[in-house]
Protein chains: 2
Amino acid sequence: MTYRIGELAQALDCSVDTLRFYEKQDLLKASGRSPNGYRFYNDNARRQLAFILRAKAVGFSLEEIRELLEIRIHPAANCCEDVKSIAQRKLELVNAKLQELEKIRRALDQIVDACVGGSLPATECSILEALELEALELETEEPEA
Amino acid sequence: MTYRIGELAQALDCSVDTLRFYEKQDLLKASGRSPNGYRFYNDNARRQLAFILRAKAVGFSLEEIRELLEIRIHPAANCCEDVKSIAQRKLELVNAKLQELEKIRRALDQIVDACVGGSLPATECSILEALELEALELETEEPEA
DNA sequence: GTAAACCTTGGAGTTTAATCTAAGGTCAAG
DNA sequence: CTTGACCTTAGATTAAACTCCAAGGTTTAC
Ligand SMILES: [Zn+2]
Ligand SMILES: [Zn+2]
Ligand SMILES: [Zn+2]
Ligand SMILES: [Zn+2]
């Protein structure tokens, strides 16, 4: 498949301005130009854009995303020094984000549950209190997994 | 515990300017003022700030964080209409973020693994390719869980 | 052949989230 | 009783990430 800029923007729900901006920022270059000068994009570019948008949605800056995209294993070369340590640092960052999100998810879960059945004590009412409660439960209900 | 603005900022690794800015944005008010006019914060405020910083780190805007903080169950009142639907929408958002992050984590995992043992085919080299590969594996290795 | 709907560039403007500056008050140490 | 490290306010400035605009070229549709 190939897309013109507007088609790709529509397909992945962003603006054409954003695509031109990402090009300037060296995040996503067009796969080529048509004879008339229009940019075109292939499925590879589409996947890259999808990745950029996902990474952005979970709190990576464009600079960090650029770093993620630069992580490449080159089987012959000396990738294990540089690439692996960068990938590992990013992996730690991602794992930390996953843990924070898990906490927020469990707190929201509790709030939604409480709104249905009233299983939370009546005095607990905010997301902060749900987080506190959850922390207590993790401490007392699972003394040692 | 109570903290002056500088102490709280140092404890949670942000700037005093950020704390004053969050106050203006109605995200975090000081627990009170000392006779000399200085702000002070208690552990409750500290927890709220910790939540704000965590939520920010996983890609919530300050506006979204304000909405998260406003989610409150009031056991007597009509919370199940408004609160529950807001909490559910946020929960869906959080789950979506979790899925994106999981994908990125698995791709980074594969890259780190490949850098150690060379378990990835030598032609696979970028985070995008790791994502592709992972998608294929999920399709073929688990035809029906 | 001309209007509508695309696309091009360069550059200006906006929003979000801080971050900094200026002018000054508070307080403990020496 | 002054120096230094805090704190106060209001307002200006910055950086990141878009978003919009002007002036114009290209394609399809009637
Ligand atoms: Zn309810
Ligand atoms: Zn309440
Ligand atoms: Zn390697
Ligand atoms: Zn390669």
Side-chain angles (χ1 to χ4, degrees), chain A residues 1-42 45-46 48-70 93 97 100, chain B residues 1-42 45-46 48-70 93 97 100:
Chain A
M1 263 300 280
T2 98
Y3 311 84
R4 284 189 314 189
I5 194 166
E7 292 167 335
L8 182 58
Q10 187 166 27
L12 298 215
D13 195 30
C14 67
S15 79
V16 298
D17 280 317
T18 299
L19 294 188
R20 293 199 199 97
F21 174 71
Y22 286 172
E23 188 171 280
K24 269 193 227 147
Q25 302 292 306
D26 284 320
L27 276 168
L28 180 72
K29 47 177 227 225
S31 310
R33 295 289 182 125
S34 303
N36 58 17
Y38 290 11
R39 291 168 180 82
F40 64 82
Y41 299 86
N42 59 23
R46 185 197 167 124
Q48 179 149 343
L49 177 58
F51 176 80
I52 293 168
L53 296 176
R54 286 166 176 190
K56 204 164 61 67
V58 295
F60 285 98
S61 68
L62 299 190
E63 173 59 30
E64 284 173 317
I65 294 170
R66 198 178 297 106
E67 286 166 22
L68 282 171
L69 288 169
E70 277 163 10
L93 185 60
K97 279 178 195 273
E100 303 302 348
Chain B
M1 264 298 282
T2 98
Y3 311 82
R4 282 190 315 189
I5 194 167
E7 292 167 334
L8 182 60
Q10 187 166 26
L12 298 216
D13 195 28
C14 67
S15 80
V16 298
D17 279 318
T18 299
L19 294 189
R20 293 199 200 97
F21 174 71
Y22 286 172
E23 188 171 279
K24 268 193 225 144
Q25 302 293 307
D26 285 321
L27 277 168
L28 180 71
K29 48 177 227 221
S31 310
R33 294 291 180 124
S34 304
N36 58 18
Y38 290 11
R39 290 168 181 82
F40 64 82
Y41 299 87
N42 59 23
R46 186 197 167 124
Q48 178 147 345
L49 177 58
F51 176 80
I52 293 167
L53 296 176
R54 287 165 175 193
K56 205 164 61 66
V58 294
F60 286 99
S61 69
L62 299 191
E63 173 59 30
E64 285 173 318
I65 294 170
R66 197 178 298 107
E67 286 167 22
L68 282 171
L69 287 169
E70 276 163 9
L93 184 60
K97 280 179 194 273
E100 304 302 348

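A, B, ... follow the sequence lines: proteins, then strands. Residue 1 opens every chain. Values reported hereafter were calculated over all heavy atoms of this structure, with side chains retained and with hydrogens, waters and symmetry mates removed.
Between the CG atom of D13(A) and the P atom of dC18(D) there is a distance of 13 Å, given to the nearest Å. When the P atom of dA17(C) is taken as reference, atom CZ of F60(B) falls 13 Å away, rounded to whole Å. The distance from atom CG of L19(B) to atom C1' of dT19(C) is 13 Å, rounded to the nearest whole Å. We find that CG of L28(B) is positioned 12 Å from P of dA18(C), with the value rounded to whole Å. Between Q25(A) atom CD and dA16(D) atom C1' the separation is 9 Å, expressed in whole Å. To the nearest angstrom, C1' of dC7(D) lies 11 Å from OH of Y41(B). Rounded to an integer number of Å, the gap from K56(A) NZ to dA16(D) P is 15 Å. When the P atom of dA17(C) is taken as reference, atom CG of L53(B) falls 13 Å away, rounded to whole Å.
The two atoms that bring Q48(B) and L27(B) nearest to each other are NE2-O, 2.8 Å, heavy atoms only.
Where Y22(A) and P35(A) meet DNA chain D, the nucleotide closest to each residue was compared, and Y22(A) sits on the side nearer the 5' end.
Side-chain contact between F40(B) and N42(B): absent, with no pair of heavy atoms (C-beta onward) separated by less than 4.5 Å. Residues L69(A) and I52(A) have side chains in contact (heavy-atom distance under 4.5 Å, counting atoms from C-beta outward). Within the 4.5 Å cutoff, the side chain of F21(B) has heavy atoms near those of the L62(B) side chain. L49(A) places a side-chain heavy atom less than 4.5 Å from the side chain of Y22(A).
Between E23(A) and R20(A) there is no salt bridge, since no side-chain N of the basic residue sits under 4.0 Å from a carboxylate O of the acidic one.
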Item to check | Full working for side-chain contact (heavy atoms from CB on, under 4.5 Å) between Q10(B) and Y3(B) | outcome: CA-CA 10 Å; Q10(B) 187 166 26; Y3(B) 311 82; over 6 Å; no

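Remark: K24(B) is not in phosphate contact with dT9(D), judged by side-chain N or O atoms under 4.0 Å from OP1 or OP2. Checking the phosphate oxygens (OP1, OP2) of dA17(C), no side-chain nitrogen or oxygen of T18(B) falls inside 4.0 Å.
Donor-acceptor pairing under 3.5 Å, judged by distance alone, is absent between the side chain of D17(A) and the base of dC18(D).
For DNA chain D, the residues of residues 61-69 of chain A within the heavy-atom distance limit of 4.0 Å (strictly under) are S61(A), L62(A), sorted by number.
In Q25(B), the CD atom is crowded: over 12 heavy atoms of neighbouring residues, nucleotides or ligands sit closer than 6.0 Å. More than 12 heavy atoms of other shown residues, nucleotides or ligands fall within 6.0 angstrom of atom CG in N36(A).
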Under 3.5 Å, N/O pairs linking protein and nucleotides 5-8 of chain C:
{"residue": "dC6(C)", "atom": "O2", "partner": "Y38(A)", "partner atom": "OH", "Å": "3.3"}
{"residue": "dC7(C)", "atom": "OP1", "partner": "G6(A)", "partner atom": "N", "Å": "2.7"}
{"residue": "dT8(C)", "atom": "OP1", "partner": "R39(A)", "partner atom": "N", "Å": "2.8"}
{"residue": "dT8(C)", "atom": "OP1", "partner": "R39(A)", "partner atom": "NH1", "Å": "2.7"}
{"residue": "dT8(C)", "atom": "OP2", "partner": "R20(A)", "partner atom": "NE", "Å": "3.2"}
{"residue": "dT8(C)", "atom": "OP2", "partner": "R20(A)", "partner atom": "NH2", "Å": "3.1"}
{"residue": "dT8(C)", "atom": "OP2", "partner": "R39(A)", "partner atom": "NH1", "Å": "3.2"}
{"residue": "dT8(C)", "atom": "O3'", "partner": "R33(A)", "partner atom": "NH1", "Å": "3.4"}

